[in-house]
Amino acid sequence: MSKIKSVEKADALIKTCQTQGVKLAVIFQRRYSDGVIALKRLLEQGKLGRLIFSLFLKDLAKSGGFKKR
């Protein structure tokens with residue numbers, strides 16, 4: 001997947017998706033953000049206990065945000 005680097009290209013992508021009846025999603029990768037790195041360090045140090053599951057992902061899956069193909 002290529003990156004969109006201009007407003008014109010983004011607008012064209014949106015229009016194409018609308019015309020074709022395809023859903024368009026934007027994902028913001030956060031695995032390298034300062035907060036996530038700090039959280040990972042705390043988990044690795046055992047300061048927060050053991051991570052068992054993520055409520056965010058569980059709730060998103062329940063709402064239909066993730067669908068199995």
Side-chain angles (χ1 to χ4, degrees):
M1 181 74 52
S2 62
K3 295 180 182 178
I4 304 294
K5 295 186 178 182
S6 74
V7 174
E8 294 81 16
K9 287 182 181 180
D11 287 341
L13 180 61
I14 292 167
K15 184 175 181 178
T16 300
C17 289
Q18 290 171 337
T19 302
Q20 297 298 316
V22 175
K23 290 184 180 180
L24 176 64
V26 177
I27 299 173
F28 295 99
Q29 189 63 260
R30 295 184 170 261
R31 75 176 71 175
Y32 300 112
S33 67
D34 293 340
V36 172
I37 291 171
L39 177 61
K40 185 175 184 284
R41 285 189 188 131
L42 290 172
L43 285 167
E44 288 172 343
Q45 294 168 359
K47 294 184 178 180
L48 300 177
R50 188 175 67 135
L51 180 63
I52 297 174
F53 66 91
S54 170
L55 284 174
F56 171 77
L57 292 176
K58 179 181 169 198
D59 291 343
L60 188 60
K62 276 186 185 178
S63 71
F66 290 118
K67 295 185 180 180
K68 292 182 181 179
R69 293 180 181 227

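- Leu43 approaches Gly49 most closely through the heavy-atom pair CD2-O, 4.0 Å.
- Take Ser33 and apply the side chain to side chain contact (heavy atoms under 4.5 Å, CB included) test, not counting sequence neighbours, and it matches Arg30, Val36.
- A heavy-atom distance below 4.5 Å is not found between the side chains of Thr16 and Leu24.
- Applying the side chain to side chain donor-acceptor pair (under 3.5 Å) test to every pair with at least one member in residues 37-48, sequence neighbours left out, gives these pairs: Lys40-Glu44, Gln45-Lys47.
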